[in-house]
Amino acid sequence: MSTLTALRDVTFERNLSLRKLKGKIFEIIAFFAILLGIAMLLTLLIDVFLDGLPWLSTKLFTEFPSRFPDRAGLRSALQGSLWLMVLTAALAIPIGVGAGIYLEEFAPQNRITRFIEINVANLAGVPSIIYGLLGLGLFVRQLGLGRTLIAGAMTMALLVLPIIIVTTREAIRAVPQSIRQAALALGATDWEVSRDHVLVYSAPAILTGIILAMSRAIGETAPLITIGALTYIAFDPKGPFDIFTVLPIQIFNWISLPQSDFHGLAAAGIIILLAVLLSMNALAIWLRNRLLIRW
Amino acid sequence: MDNNHVVLETKNLNVFYGNFLAIKDVNFQVFRNQITAIIGPSGCGKSTLLRSFNRMNELVPSARSEGKILFNGEDIYDPAIDPVEVRRKIGMVFQKPNPFPKSIYENIAWGLKINGFRGSKSEMDDLVEQALRGAALWDEVKDKLDQSGLSLSGGQQQRLCIARAIAIKPEVILMDEPASALDPIATLKIEDLMRELKENYTIVIVTHNMQEAARVSDYTAMMMLTGEGERSGTVIEFDRTSVIFTRPKDKRTEDYITGRFG
């Protein structure tokens with residue numbers, strides 16, 4: 001009897017160390033995976049900074065693009081990006097948030113609603129160039145808007161709409177049912193519950209989603225190239241119906257030139273673009289940590 | 001039973017979830033300024049019955065009901081009656097404290113605002129104080145009315161929810177196991193509070209805790225599944241709490257109360 005117990009114990013011990021070893025192996029693999037990701041990012045950043053730092057100057061902000069590298073800047077591209085972001089936000093936020101609220105709070109639970117929901121989710125996965133083709137066909141040509149900021153903003157708005165709708169819905173769904181019930185039990189109407197509770201408590205998460213959607217719009221290049229924003233712009237855009245260029249396109253432009261000085265300029269442009277994107281994402285994270293309600 | 005004024009009365013009430021008959025043929029009364037406890041084993045439809053009284057059951061998309069619930073003689077399921085009006089008159093306190101993530105003051109003031117309060121700030125201040133005093137919470141929170149309702153302890157949160165419910169002066173307060181998420185001391189406070197509240201309100205409480213039902217309630221409705229292998233619940237016995245707990249007429253009630261069953 002005693003030998004049996006002992007034997008069983010030995011088997012147990014061996015099993016346990018083997019099980020622990022498996023865990024350890026997995027941990028090491030996972031560690032190398034993250035190491036690889038970070039190493040790639042660092043290499044990229046270091047390379048960009050080495051190339052771009054000498055070209056990083058205030059001239060980038062004040063000068064228009066030029067065929068002379070030491071006189072070239074990002075002035076029109078920065079303004080174009082800013083205009084594009086403001087117009088895209090003005091179009092996409094009310095429609096996207098409105099659609100999200102409707103789907104989550106008011107839409108009847110039927111087949112049509114489910115069909116729309118699935119397709120909104122699918123739209124978020126459509127390659128951006130497709131949106132560019134749609135924008136080119138519909139806004140630039142059909143509506144005759146030309147290669148203007150407004151056509152670009154409408155295209156970008158379509159691109160980010162699914163993201164805003166999906167994040168709005170998730171934010172609304174995160175408000176617990178118990179809160180809705182508490183409000184309804186006080187004799188509130190559905191709209192009063194949405195207005196004073198659900199939308200108020202989900203606002204920080206919706207805002208976070210909007211910022212992330214906007215940072216996507218700023219970094220996006222392909223749809224704008226498709227609608228024809230790949231042009232030399234040496235003036236300040238004055239309104240939504242002006243032609244324009246944006247940061248990533250100007251960077252792309254410079255990289256495609258043969259002179260190595262322009263590659264330095266492009267790297268400097270990348271640094272600026274990264275700074276904008278990272279600060280937007282940081283703002284989103286800060287908002288999320290500060291304003292989000294922990295239930 | 002006696003001449004007390006009947007506030008709520010169910011008549012042959014059936015409640016379905018889809019095709020599933022959750023409660024069947026329920027008939028009983030709730031008397032004014034009394035505490036009525038609904039007791040019974042899990043899954044016999046106590047909460048379903050309670051939520052029928054303020055039409056909260058309708059929030060479950062598949063729920064539907066047959067029969068009548070009379071509130072002061074008027075059928076609250078009459079198609080002409082808006083559930084919003086019913087809930088204004090019949091308040092509810094939930095199992096888990098669910099204060100709004102707003103200030104303590106706003107937790108109380110919101111119900112008044114949506115229900116048409118049009119007074120001055122000082123009148124509102126008075127009503128908020130009254131409600132918090134009514135829920136025995138005023139002394140604990142009077143210096144921090146602008147803090148979040150979520151910053152309070154569980155027991156305080158539940159009393160805040162009671163204050164929120166009584167602020168709009170309903171006639172009836174429904175309580176769905178209001179103390180089940182609280183420690184014994186907080187539970188006692190809630191029970192004391194219920195005894196005070198019945199001076200002005202009619203209370204219906206669902207509870208798993210038979211000692212609690214015996215301690216606080218005047219009347220008790222015993223719910224049970226209708227039979228072996230059945231999934232529908234019904235009220236098998238309704239009487240004064242003292243009768244239910246000392247000489248119940250139904251054998252099943254006796255078994256449940258003495259712990260032989262459930």
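Note on naming: letters A, B, ... go to the chains in the order of the sequence lines (proteins, then strands), and numbering restarts at 1 for each one.
The contact between B/P99 and chain A is made entirely by backbone atoms, counting heavy-atom distances below 4.5 Å. Residue A/Q177 does not touch chain B at all, counting heavy-atom pairs closer than 4.5 Å. Contacts between B/I168 and chain A at a heavy-atom distance below 4.5 Å involve the side chain alone, from C-beta outward. Neither the backbone nor the side chain of B/R55 comes within contact range of chain A, judged by heavy atoms closer than 4.5 Å. There is no contact between B/L174 and chain A, counting heavy-atom distances below 4.5 Å. When heavy atoms are compared at a cutoff of 4.5 Å, A/I179 approaches chain B by way of both its backbone and its side chain. For B/F94, the part sitting under 4.5 Å from any heavy atom of chain A is the side chain, from C-beta outward, and nothing else.
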Requested in this report: Apply the test side-chain contact (heavy atoms from CB on, under 4.5 Å) to residues B/K113 and A/E192: give CA-CA distance (whole Å), side-chain angles for both, the deciding distance (0.1 Å), then the verdict.
Outcome: CA-CA 11 Å; B/K113 283 182 200 158; A/E192 286 161 346; over 6 Å; no
**Report entry** Chi angles and distances behind the side-chain contact (heavy atoms from CB on, under 4.5 Å) call for A/H197, B/K102
**Finding:** CA-CA 9 Å; A/H197 297 286; B/K102 295 179 186 280; 3.5 Å; yes
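Minimum interatomic distance between A/A188 and B/W110 (heavy atoms only, all atoms of both residues): CB-CH2, 3.5 Å. Annotation for A/A182 and B/R164: closest pair CB-NH2, 3.3 Å, computed over non-hydrogen atoms. Residue B/L59 comes nearest to A/Q181 through the heavy atom pair CD1-CG, 4.3 Å, listed as atom of the first residue, atom of the second, then distance.
Inter-residue side-chain proximity for B/N54 and A/L184 is flagged as unmet; no heavy-atom pair is nearer than 4.5 Å.
Environment of CZ in A/F32: sparse, with no more than 12 heavy atoms of neighbouring residues, nucleotides or ligands closer than 6.0 Å.
Exactly one of A/D190, A/L186, A/T189 qualifies for a side chain to side chain contact (heavy atoms under 4.5 Å, CB included) with B/V84. That residue is A/T189.
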